[in-house]
Amino acid sequence: MKDAQPNTVYLKDYKLPEYLIDSTKLHFELQPKGTLVKSQLKVRRNPAAGAGLPPLLLDGVELELLSVSIDGQLVPASRYQEIPAGLSIEVEKPEFELEICNRISPENNTSLEGLYLSNGMYCTQCEAEGFRKITYYPDRPDVMSKFTTTIVAPRQYPVLLSNGNEIERGATEDGRHFVTWEDPFAKPAYLFALVAGDLQRVEDSYTTASGRQVTLQIYTEAKNIGKCAHAMRSLKKAMRWDEEVYGREYDLDIFMIVAVDHFNMGAMENKGLNIFNSACVLASPETATDATFQRIEAIVAHEYFHNWSGNRVTCRDWFQLSLKEGFTVFRDAEFSADMNSRAVKRIEDVSLLRTQQFAEDAGPMAHPVRPDSYMEISNFYTLTVYEKGAEVVRMIHTLLGAEGFRKGSDLYFDRHDGQAVTCEDFVKAMEDANGVDLTQFRRWYSQAGTPVLDVTDSYDEASGSYTLTVRQSCPPTPGQKEKLPFHIPLALGLLSAEGKDLPLDEAGNTQLVLPVTEAEQTFHFSGFAEKPLPSLLRGFSAPVKVRYDYSSEQLLFLMRNDSDAFNRWDAGQRLAFAALGQLQKDYRNGKTLQLQPELVEAYRSVLRNRDLDPALVAKMLALPSEQTLAEEAERIDAEAIIEARKFARHALAEALKEDLLESYRRLHKDKPYSPEAADIAERSLKNTCLDYLCATEDADALLLAQQQFDKAANMTDCAAALAALVNYGNETDVDKSLETFYERWKVDTQVVELWFSLQSGSARWGTLERVQTLMAHPAFELKNPNKVRAVIGAFANRNFAQFHRTDGSGFEFVAQQVIALDKLNPQIAARLVIPLTRWKKYSSALGEKMRQSLESVMQSGKLSADLYEVVSKSLQ
Ligand code: B3K
Ligand code: ZN
C-alpha cells in the first residue's frame, strides 16, 4: 500500500523528463524468498529539458535497495538518498551508466501490480505505475527505452518470457537456467513484462501482408491447453483486420499471450507479450458462454490493436490515457461489428455507456475524457476514458468519413511512430490530413458531463417546410460549473407516413449529419407534403441524451419502420421506459399496476417478425435494466424500480406466452456449437424466450428450463437454463441443479466463477446470507479479483434488489468487504466501492444509509491512495 496522504497530480504541471534512458538492461534472479533485480541504464541528460545537472529522480515503491554504481564504480551512500517516492541521485556528468541492485518480494505481493505470483507462476503488471515496484526507474510513459531482459530461475520454471525476441538461453553453473530477451522497439516501462512458470503452449503462425512470418503462441497451465483455440482464431482475425482497415502490420517475429488467473483487469498489451486474465482468453463450447466467446474475440483484438495505438505511438503522460484507450476501444468495436452483427454490437456498447458511463458523468468522480488531475491514476481507467473516449473518436470518424479518418490515422501513425504524444496530437493529425478545423470539437476532451439535446420541430403546411430546433446543455460536474457548447454530430433521418426515408437535400440524401455547434440552432428542410417524423441521433452518433416529445404511436411507428436498426431498438427502449415510468408512479401511489397494451403488442410484433436478425429481436425484447432506469431517474426509488420492472416482465411473459413458446421451440435446435454470429443470434433469442417463459413461474416453463439444463451440450444453453431456474424455480430443485453443476465443473476455474456470479447476481438467490455462504466456499479467494468480482461485484453491481435492501444491510456488507480488500489489493477495493458512491441520487432514507456505509469506509483507518481518492471525493 502506498504511504502518506495522496498528492494530487495536475496536467498543467507536466514537465519534460530531466533525463532520458537510452537502454535498459534488466537481470532477474527468481528465488523462493526475494527476487533480485539488477538494472543497467544508459542515462543521458535530456537536452530539451534545460541546462545544468539536477539530481536524477527515480520512482521506487516497496523496494529494498542493495547498491548503486555509476560507470562501474560503487556510489557512496552520501551521493544518493532514498526519498518517499523512490531514489534521488547526484549527477556529475550528462551521460553515464547507472547500475542498481534491489530486492523485491513477489511472493508477498497481493496488489497484483509489479511482479507477483499467480498459482505459482511469476507474472507482471506494470501499467500504469507498477514498474516502480520492480526497480528504481523514471516510471513515466514519455521515457522510452530499449529493453534487454535476462531471467534466471530454477528449473521448476521451464518457461521464461519477456518482451521482444529471444536471443540467448542456457544453464547456470548451479543448475538453474536463464533466457535473455531483447525488444528492438523503444518503449515506456509500463509495457515491460516478465513471465516465468510451468506452462504449456499452443502455437500457430501468421503471414503478414508484406509476407513476414510471425510465430503466435498462447501459454497456459497444462489443464487449460484445450481452451486456447478461440483466442488464437481471434488473434489471426484481428491481425488481418488491422492490415485491411488501418494498413497496420505486426512488427516482431513473435507474438505471445499468457493466461493468468490472478489479474486486476481484463488483459494487458505489453509489447510482444500480452498478459491476459484467464477469464478473457480461455474458452471452449462446453465451458464458455457466447458472451464470453465474443468478449474474448474483442479483448484479444483490443490488446493486439494496442501494438500500434498505444505501443508504437504511446502516451506522453497518463492524462492522455484516452489517446490509446479511446482509440483502441473504437478500433475493437469496429472489428467486432465487422465480425458479428453491427447493430447488436452498437446496442450493447450504447447500453453500457448509457447505464454506466452516464452514471459516472453524473456522479462525484465525473471527469473529462482527458482528466485535469488525479490522485491515483488507476482510478481513471474508467468508462469515461475508455467508452466515452471511443465515442469521441467515433464522432471524428463520422465527421470525416471512413476515408478521411484513414488519412488522419495514417498521418498520426507516421508522424508519431516511436513517440509519446497527446490527445491534441491525435486531433491535429486528423485536422491536417483532412484540412478541417476541429477547434470546437476539442471540448469533448476537456469538458465532463453528458450533454442533453432538447429537440423540437415544426411544419409549415403551406410551404412544405420542416424546421428542427436543437438546444444543447450540459449539467455541471465537479470543478466545471459552466460548459461551452459542444460540436455534436447529430445523424438524422426523416420518415414519411409510409415509413420511408425522405430525401433531405437536393442530392437526395436520406440521412444527414447535422453539425450542432451552438447552444440553440435551427435546421430547415423543405419539400414535404406532410409533416415527417424525425429519427434522431441515428446509430447513436454522439454520446448525448436526446429529448424529443414522441407519442407512443410515433415510437411504435419508428420501432416498425426506421431504416436505422439502432433507432428501431431505441424507439422500443423509449416506449418501455415510459411504460416503466408510469408503473413506478402507480406503484408509489398504491395503484393497481397495469401494463400498457401497446407495449405488449409492440413486443408481440417484434417477436413475430422473421425478417429481423434474431439477436436484434432479443435485444428489442429486453426491458431497460434496473441500472438504466436508475440512471435516468431524477431520484432513485429502488423499490419502485424493482417492483415496476418485475411486474412488467411478468405481464409481458403472460401475455406473450404462446409466441414465446413458439419461438423457443423453433430455435431450440440440436446442433453442434459454433460461435458464429448467426448461431449466437439464435441462441440469444431462444434463451431470452426461455427466461420470459420462466418468469410466468408455470410448471411447464420451468420443466423446459430443467430439460435444457439437463441436456445442454454447450455452456450458453446450460447457464441460461440454470439462470432461469435460479431466478424462478422451486428452491429445492434449484439447490440440486446448482450442486450438480458445481460437481460437474468444479475443476474448471472459469465455470466456477460463472457459478458464483449466477447466484450472487440473482435478485432471488443472491440474498446476503447466501452471498456470505459463497464467500466461505472453498473455491472463493479474497486474493483473486475474479472471485471477488464474481461474488461481491455481482452482488453490488448486478443484484439491484438485494444490494438496495431497505435496511441498508447490502451497503454495509459491501463496505466491509471494501475495507478488507483495501489491505490486499487497493485497485480492486477502489472499484468495488463505486456502487456506494452515488448516494446523493437516492431517495433520502436509502441514500443516507448508503452515505453512512461510505463514511464507515472512510473511518476504518488508513486507506490506500486508490480508495481514499474515490471515497473522499464521494463524501464531499
Ligand atoms: N492497458 C490495460 C489497462 C491497464 C490498467 C491498469 N490499471 C488494458 C487495456 O486497456 O488494454
Ligand atoms: Zn486498452
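Numbering of ligands and ligand atoms starts at 1, following listing order. FYI, side chains are in, hydrogens and waters are out, and symmetry mates aren't considered; it's all heavy atoms of this structure. One is the number of the first residue; the rest follow in order along the sequence.
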Name each N or O atom in ligand 1 that is under 3.5 Å from a protein N or O, and give the partner atom and the distance.
unit_1   : atom_1 : unit_2 : atom_2 : d
ligand 1 : 1 (N)  : Glu127 : OE1    : 2.6
ligand 1 : 1 (N)  : Glu269 : OE1    : 2.8
ligand 1 : 1 (N)  : Glu269 : OE2    : 3.4
ligand 1 : 1 (N)  : Lys324 : NZ     : 3.4
ligand 1 : 1 (N)  : Glu325 : OE2    : 3.1
ligand 1 : 10 (O) : His302 : NE2    : 3.4
ligand 1 : 10 (O) : Glu325 : OE1    : 3.0
ligand 1 : 10 (O) : Glu325 : OE2    : 3.1
ligand 1 : 10 (O) : Tyr386 : OH     : 2.5
ligand 1 : 11 (O) : Glu269 : OE1    : 3.3
ligand 1 : 11 (O) : His302 : NE2    : 3.1
ligand 1 : 11 (O) : Glu303 : OE1    : 2.8
ligand 1 : 11 (O) : Glu303 : OE2    : 2.9
ligand 1 : 11 (O) : His306 : NE2    : 3.2

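Nearest N/O/S atom of His306 relative to the Zn ion (ligand 2): this is NE2. Taking the Zn ion (ligand 2) as reference, the nearest N/O/S atom within Glu325 carries the name OE1.
Looking at residues two or more places apart in sequence or on another chain, you find no salt bridge (Lys or Arg N to Asp or Glu O under 4.0 Å) involving Glu107.
With 3.5 Å as the limit, one finds a donor-acceptor pair spanning the side chains of Asp261 and Ser278. Using a 3.5 Å distance cut-off with no hydrogens or angles, the side chains of Asn307 and Asp251 do pair a donor with an acceptor.
The side-chain tip of Arg312 does not point at the ring of Phe413 from less than 6.0 angstrom away and within 45° of straight on. Cation-pi geometry between Arg331 and Tyr246 is met: the NZ or CZ atom falls under 6.0 Å from the ring centre, inside 45° of the normal.
Remark: Asp317 does not engage Arg140 in a salt bridge, criterion side-chain N to carboxylate O under 4.0 Å.
For Phe330 and His397, the gap between ring centers is short of 6.0 Å.
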